Amino acid sequence: MPGVELAEYDKMDAVEQELWWYRALHTHILDLVRQRPAGTRLLDAGCGTGGLLTRLREDLPDLDAIGLDYAHAAASRAQAKAGLPVVAGTVLDLPFADRSFGMVVSLDVLCHAAVEPEPALREMVRVLQPGGKLVLNLPAYDWLRSAHDIRVRNSRRFTARGIRRLLTEAGLSPIRICYWNALLLPLMVVQRKILARAPDSSSDVTPLHPWLNRGLLAATRMERRLMAAGLPFPAGGSVLAMARKE
């Protein structure tokens, strides 16, 4: 499995600046980070090869941000790509003092086979300042498990209700929990459950033809506008959550 996981990091590094899914996810996160108070220090807990950190540096150059990833190779790539500090470490034992950050962002980390959600959440809460915010993105629905999850080592998927329970039990006050990637959910079901249903199929972290990538990105932009107008989606491929430490 380590060789498979390193290969997935290579693929992530190659596509995360252009692939529609990463671009849509990072835009959602930027919308939330822009709501921060001035002077907020941010931790990207499980930053991978630095795609989000790079967007943060480009769009919010005044933000004090640092990344962490348990894979030394990924942490090195992230620091080189983003031009921001990145440390190697685990979300189960964050190498930071209590109340170090005003915001912690963690994207598709609690779903990973090497992570236990409850201890990881306790660590994220520990390093948050009172009033600080935690932002999570996680894959939705166990019934959507597929070869993609095997390749990227997702051992669990989530529902909005389940995430609310986890956040509340960790002592956080949920602010927003919503599904996204809703308009494209039917296509995801076809891809995951029919076209790439074989256990040895590759992950979805792969380059796409430019016209297809543009079309999928356009669908996520339309969805984001609908969400901003107050339209809730009852289902989606991912769950986005924000909660506050009181």
Side-chain angles (χ1 to χ4, degrees), residues 1 4-5 7-9 11-12 15-16 19-29 32 45-46 48 51-52 91 105-118 120-121 134-167 174 176-209 212-213 215-224 226-227 231-243:
M1 290 306 294
V4 171
E5 188 155 340
E8 290 299 324
Y9 272 120
K11 292 164 66 176
M12 180 194 301
V15 305
E16 64 182 340
L19 190 64
W20 69 274
W21 187 87
Y22 288 106
R23 291 179 65 182
L25 172 60
H26 295 164
T27 299
H28 279 297
I29 301 304
L32 299 177
L52 174 62
V91 293
V105 175
S106 185
L107 308 183
D108 298 292
V109 173
L110 299 185
C111 53
H112 195 275
V115 175
E116 290 295 328
E118 290 84 359
L121 275 175
L134 173 66
V135 177
L136 300 175
N137 188 78
L138 291 163
Y141 303 121
D142 277 333
W143 59 264
L144 260 180
R145 282 184 56 80
S146 65
H148 171 81
D149 296 277
I150 296 172
R151 298 278 80 77
V152 300
R153 295 198 66 201
N154 283 344
S155 66
R156 59 190 72 85
R157 301 177 71 90
F158 294 80
T159 62
R161 178 179 297 179
I163 292 174
R164 181 176 296 275
R165 176 184 57 79
L166 278 173
L167 293 172
R176 177 188 182 193
I177 302 175
C178 62
Y179 290 101
W180 74 277
N181 204 11
L183 298 181
L184 295 175
L185 181 59
L187 293 180
M188 181 183 294
V189 173
V190 171
Q191 169 65 19
R192 300 278 180 89
K193 294 301 188 179
I194 299 175
L195 300 179
R197 67 185 180 197
D200 60 349
S201 295
S202 64
S203 76
D204 291 348
V205 184
T206 187
L208 298 177
H209 192 284
L212 178 57
N213 194 58
L216 297 173
L217 183 60
T220 66
R221 287 172 172 164
M222 178 185 297
E223 177 179 291
R224 178 167 162 259
L226 293 172
M227 293 170 68
L231 179 65
F233 288 99
S238 295
V239 188
L240 185 65
M242 183 165 67

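All values reported here derive from a predicted model rather than from experimental measurement. Note that these values count all heavy atoms, side chains included, but never hydrogens, waters or copies made by symmetry.
- Going from atom OG of Ser146 over to atom CG of Leu195 covers 11.5 Å, rounded to the nearest 0.5 Å.
- Looking at heavy atoms from C-beta onward, Trp21 lies out of side-chain contact with Thr220 at the 4.5 angstrom threshold.
- The shortest distance between side-chain heavy atoms of Arg23 and Arg221 falls below 4.5 Å.
- For the pair Val205 and Arg151, the minimum side-chain heavy-atom distance is 4.5 Å or more.
- Atom CG of residue Leu183 and atom CG of residue Leu216 lie 11.5 Å apart, to the nearest 0.5 angstrom.
- A pairwise comparison of heavy atoms in Cys111 and Asn154 identifies SG-OD1, 3.2 Å as the closest pair.
- Within the 3.5 Å criterion, the main-chain N or O of Asp142 finds no donor-acceptor partner in the side chain of Arg156.
- Of the possible polar contacts, none joining the Arg165 side chain to the Ala160 backbone as a donor-acceptor pair under 3.5 Å is found.
- Taking a cutoff of 4.0 Å between a charged side-chain nitrogen and a carboxylate oxygen, Arg157 and Asp149 qualify as a salt bridge.
- Of the listed residues (Val239, Asp108, Leu144), just one forms a side chain to side chain contact (heavy atoms under 4.5 Å, CB included) with Pro139, and that residue is Asp108.
- Checked for salt-bridge contact, Arg192 and Asp204 meet the test: a charged N lies under 4.0 Å from a carboxylate O.
- Not one N or O on the side chain of Ser201 forms a donor-acceptor pair closer than 3.5 Å with the backbone of Ala147.
- Considering only heavy atoms from C-beta on, Thr206 stays 4.5 Å or farther from Val15 through its side chain.
- Remark: Thr27 OG1 to Leu32 CG distance equals 11.0 Å, nearest 0.5 Å.
- Here Tyr179 and Phe158 keep their ring centres 6.0 angstrom or further from each other.
- The side-chain heavy atoms of Leu134 and Leu167, taken from C-beta on, include a pair separated by under 4.5 Å.
- A heavy-atom distance below 4.5 Å is not found between the side chains of Ser155 and His112.
- When all heavy atoms of Met227 and Cys178 are compared, the closest pair comes out as CE-SG, 3.7 Å.
- Put simply, the side chain of Leu107 reaches to within 4.5 Å of the side chain of Val105, judged on heavy atoms.
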Checklist entry - Given Ser203 and Lys11, is the side chain to side chain donor-acceptor pair (under 3.5 Å) satisfied, shown in steps? => result CA-CA 10 Å; Ser203 76; Lys11 292 164 66 176; 3.1 Å; yes
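- Looking at Glu8, its side chain never comes within 3.5 Å of a backbone N or O of Val152 through a donor-acceptor pair.
- Under a 3.5 Å cut-off, the side chain of Ser106 and the backbone N or O of Val109 do not form any donor-acceptor pair.
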Checklist entry - Run the side chain to side chain contact (heavy atoms under 4.5 Å, CB included) check on Met12 and Tyr22 step by step: do they pass? => result CA-CA 9 Å; Met12 180 194 301; Tyr22 288 106; 3.5 Å; yes
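- Rounding to the nearest 0.5 Å gives a distance of 7.5 Å between CZ of Arg176 and CE of Met242.
- Between Trp20 and Leu184 there is a side-chain heavy-atom pair separated by less than 4.5 Å.
- Of the listed residues (Ile29, Leu136, Ile177, Asn181), just one forms a side chain to side chain contact (heavy atoms under 4.5 Å, CB included) with Leu240, and that residue is Ile29.
- The aromatic rings of Tyr141 and Trp143 sit parallel, their planes meeting at an angle under 30°, below the 60° perpendicular limit.
- Scanning all heavy atoms of the two residues, the minimum distance from His26 to Glu16 falls at CE1-O, 4.3 Å.
- Between Pro199 and Ile150, the shortest heavy-atom contact is O-CD1, 4.1 Å.
- A donor-acceptor pair under 3.5 Å is formed between the side chain of Glu223 and the backbone N or O of Ala182.
- Distance CG/Leu25 to OG/Ser238: 7.0 Å, rounded to 0.5 Å.
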